[in-house]
Amino acid sequence: MSTATATACATQLEHALGLMARGFSERTVDVGGSLVSYRSCGTAVPGGKTVVLLHGIGSGAASWLQCALDLQQDAQVVAWNAPGYGGSSALPMARPSAADYAMRLEQLLQALDVRNCVLVGHSLGALMASAYVAAGYTRAEQLLLVSPAQGYGGGDKRVRGEEIAQQRLAALENLGIAGMALKSPERMLSVQASEFARAWVRWNTQRLNPASYTQAVYMLCGDDIHRYRLPAAGPACAIYCGADDVVTTPQDSRMLADSLRLPFQLIEAAGHACYIEQPQAVAAVIRRHLDQLS
């Protein structure tokens, strides 16, 4: 990276942090003795439209900044920090399921009086979002699974799941959070991603809590999205994936969509963290689903 590029990237990062401080700051609510932190923008009005954003295993609520700000004129936007991320209390069990995360999400939405939303889950957040809807909670009218992690806890994937868990936890021990953050853009973004997108991925990964990341690894490797059957009378659902995603590949995401008989669409010129690499394109997709809210 040239000196000029590095300087421009640092300026963009400083600007993003300023935007976040002014219009997407972290807030916390108490839900029965546990804390849930979240970031929000837009205007909450009675009966108004809401977008709820769930991040993946190596990220946090702040990662949605650009996408959320693009949507703030259309709806109230809430991006949570999953249990153990940001200022959120960790779950009490060592190896939680997606259903455990979903229960905490319901507590947050109840506390915020969110009654009717577009629920967007990215990567591991898609597994949580699926568990939320499958549990029968009724606050999501539209469900978007973006580059969905499917989990390794089902059938013949269990051995692979044990290997993945060992690899991820070994990387955590050997590299630490800082070392993982340096490497994260390699898998999260496409080769054409901007230097700012790479810096933003690193910034968010640097804020992981090792113990809570470990919990999430066990959830990823021990759970399975196919356990969470979407009810026939539940929310409208669609699946999206970055066209250059090497983590939850377009092929895998399309196969999931076909198996669930759901619409599928690629986000062009984007890797796994498509909402970071192409925030306006992902916001446009979400906006289409907002228009379908009753």
Side-chain angles (χ1 to χ4, degrees), residues 13 15-32 34-56 59-90 101-126 128-129 132-133 137-144 146 200-201 203-204 207-209 212 235 273-276 279-280 282-293:
L13 184 59
H15 177 66
L17 294 176
L19 286 175
M20 188 162 62
R22 293 191 298 273
F24 200 51
S25 59
E26 188 170 2
R27 310 172 189 186
T28 305
V29 294
D30 187 306
V31 293
S34 295
L35 298 178
V36 182
S37 70
Y38 66 98
R39 294 179 182 272
S40 182
C41 61
T43 303
V45 297
K49 297 180 178 182
T50 305
V51 176
V52 177
L53 305 169
L54 311 184
H55 62 82
S59 198
S63 64
W64 289 97
L65 173 66
Q66 289 83 10
C67 186
L69 293 181
D70 202 63
L71 289 165
Q72 66 180 334
Q73 299 301 318
D74 304 283
Q76 177 192 19
V77 184
V78 175
W80 88 329
N81 278 306
Y85 289 71
S88 294
S89 302
Y101 288 89
M103 184 180 298
R104 188 66 57 85
L105 175 62
E106 170 65 5
Q107 292 174 320
L108 171 65
L109 300 186
Q110 183 177 18
L112 298 181
D113 196 27
V114 173
R115 303 181 185 182
N116 185 21
C117 72
V118 175
L119 179 60
V120 184
H122 173 258
S123 195
L124 195 67
M128 299 173 190
Y132 179 86
V133 170
Y137 301 124
T138 59
R139 300 176 191 272
E141 189 175 322
Q142 296 275 328
L143 173 64
L144 310 188
V146 182
W200 192 234
V201 166
W203 187 91
N204 283 276
R207 277 142 188 85
L208 293 178
N209 176 288
S212 299
C274 52
Y275 67 94
I276 290 179
Q280 292 180 330
V282 174
V285 163
I286 296 171
R287 193 173 292 111
R288 291 202 301 270
H289 289 270
L290 267 173
D291 292 341
Q292 297 172 34
L293 288 181

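Positions are given from 1 along the sequence.
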Enquirer: Check whether any side-chain N or O of Arg27 sits under 3.5 Å from a backbone N or O of Tyr38 as a donor-acceptor pair, and report yes or no.
Expert: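 No, the answer is negative, given that no donor and acceptor are paired below the 3.5 Å cut-off.
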
Enquirer: Between atom SG of Cys41 and atom CG of Leu65, what is the distance when rounded to the nearest 0.5 Å?
Expert: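 These two atoms lie 8.0 Å from each other.
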
Enquirer: Of all heavy-atom pairs between Val77 and Ala68, which one has the smallest distance, and what is that distance?
Expert: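 The pair with the smallest heavy-atom distance is CG1-CB, 3.7 Å.
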
Enquirer: Are any non-hydrogen side-chain atoms of Trp64 and Val120 less than 4.5 angstrom apart?
Expert: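 Trp64 vs Val120: side chains touch.
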
Enquirer: With rounding to the nearest 0.5 angstrom, report the CD1 to CG distance, Ile286 to Asp74.
Expert: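 Rounded to the nearest 0.5 Å, the CD1-CG separation comes out at 10.5 Å.
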
Enquirer: Yes or no on side chain to side chain contact (heavy atoms under 4.5 Å, CB included) for Leu144 and Leu119, after CA distance, side-chain angles and deciding distance?
Expert: CA-CA 6 Å; Leu144 310 188; Leu119 179 60; over 6 Å; no

Enquirer: Which pair of heavy atoms, one from Ser123 and one from Gly56, lies closest together, and at what distance?
Expert: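 So the minimum-distance heavy-atom pair works out to CB-CA, 4.2 Å.
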
Enquirer: So does Arg288 have more than 12 non-hydrogen atoms from other groups sitting under 6.0 Å from CZ?
Expert: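 Atom CZ in Arg288 is crowded, with more than 12 foreign heavy atoms closer than 6.0 Å.
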
Enquirer: Side-chain contact, heavy-atom cut-off 4.5 Å: Tyr85 with Asn209?
Expert: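 A side-chain contact under 4.5 Å is absent here.
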
Enquirer: Would you give me the side-chain donor-acceptor pairs under 3.5 Å for residues 43-54, sequence neighbours excluded?
Expert:
residue : atom : partner : partner atom : Å
Lys49   : NZ   : Leu290  : O            : 3.1
Thr50   : OG1  : Gln76   : OE1          : 3.3

Enquirer: Out of curiosity, Gln280 CD to Leu69 CG, how far, rounded to the nearest 0.5 Å?
Expert: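 Rounded to the nearest 0.5 Å, the CD-CG separation comes to 11.0 Å.
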
Enquirer: Verify side chain to side chain contact (heavy atoms under 4.5 Å, CB included) between Tyr275 and Ser59, making sure each step is shown before the conclusion.
Expert: CA-CA 12 Å; Tyr275 67 94; Ser59 198; 3.7 Å; yes

Enquirer: Nearest 0.5 angstrom please: Glu141 CD to Arg115 CZ, how far?
Expert: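 It is 14.0 Å, given to the nearest 0.5 Å.
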
Enquirer: Could you tell me whether a side-chain N or O of Asp30 sits under 3.5 Å from a main-chain N or O of Gly32, the two making a donor and an acceptor?
Expert: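 Yes; judged by distance alone, with no hydrogens or angles, the pair exists.
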
Enquirer: Begin with the C-alpha distance, continue with both residues' side-chain angles, and end with the deciding distance and a verdict on side chain to side chain contact (heavy atoms under 4.5 Å, CB included) for Tyr137 and Gln110.
Expert: CA-CA 10 Å; Tyr137 301 124; Gln110 183 177 18; over 6 Å; no

Enquirer: Can you tell if the side chain of Gln66 reaches within under 4.5 Å of the side chain of Ile276, non-hydrogen atoms only?
Expert: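 Contact flag for Gln66/Ile276 side chains = no.
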
Enquirer: Just by distance, no angles: are the side chains of Ser88 and Ser37 close enough, under 3.5 Å, to form a donor-acceptor pair?
Expert: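 Their side chains do contain a donor-acceptor pair, which is all the 3.5 Å distance test asks for.
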
Enquirer: Any heavy-atom pair between the side chains of Thr28 and Val36 that's under 4.5 Å?
Expert: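 No, every pair of side-chain atoms sits at 4.5 Å or beyond.
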
Enquirer: Hey, does Gln142 have a side-chain heavy atom less than 4.5 Å from the side chain of Pro235?
Expert: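 Heavy-atom side-chain distance check fails, nothing below 4.5 Å.
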
Enquirer: So, for Cys274 and Val146, which heavy atoms are closest and what is the spacing to 0.1 Å?
Expert: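 Closest pair (atom of Cys274, atom of Val146, distance): SG-CG1, 3.4 Å.
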
Enquirer: Just so I know, are the side chains of Asn116 and Arg139 near enough to count as touching, which here means a heavy-atom distance under 4.5 Å?
Expert: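 Contact flag for Asn116/Arg139 side chains = no.
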
Enquirer: Which atoms form the tightest heavy-atom contact between Val31 and Leu108, and what is the distance?
Expert: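 Reported closest heavy-atom pair: CG1-N, 4.2 Å.
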
Enquirer: What pair of heavy atoms forms the shortest contact from Ala82 to His55, and how long is it?
Expert: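 Shortest heavy-atom contact: N-NE2, 3.0 Å.
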
Enquirer: Are side-chain heavy atoms of Arg39 and Trp80 found at a separation under 4.5 Å?
Expert: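 The answer is no, as the side chains (C-beta and beyond) never meet within the 4.5 Å cut-off.
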
Enquirer: Indicate the atoms forming the closest heavy-atom contact of Trp203 with Ala62, along with that distance.
Expert: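 Heavy-atom minimum between the residues: CZ3-CB, 3.9 Å.
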
Enquirer: Ignoring hydrogens and geometry beyond distance, is a side-chain donor-acceptor pair present between Asn204 and Ser63 at under 3.5 Å?
Expert: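 No, no side-chain donor-acceptor contact under 3.5 Å.
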
Enquirer: Could you give the distance from CD (Gln72) to SG (Cys67), rounded to the nearest 0.5 Å?
Expert: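 Gln72 CD to Cys67 SG: 11.5 Å, rounded to 0.5 Å.
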
Enquirer: Taking ring-ring contact (aromatic ring centres under 6.0 Å, His included) as the test, write out the residues that go with Phe24, two or more places apart.
Expert: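 With neighbours one apart ignored, the set is empty.
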
Enquirer: Is a donor on one side and an acceptor on the other found under 3.5 Å between the side chain of Asn81 and the backbone of Ala61?
Expert: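 At least one qualifying donor-acceptor pair exists.
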
Enquirer: Rounded to the nearest 0.5 Å, how far apart are NE2 of His15 and CE of Met20?
Expert: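 Reported to 0.5 Å precision, the distance equals 12.0 Å.
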
Enquirer: Side chains of Glu106 and Tyr132: any donor to acceptor distance under 3.5 Å?
Expert: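 The criterion, which ignores hydrogens and geometry beyond distance, is satisfied for Glu106 and Tyr132.
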
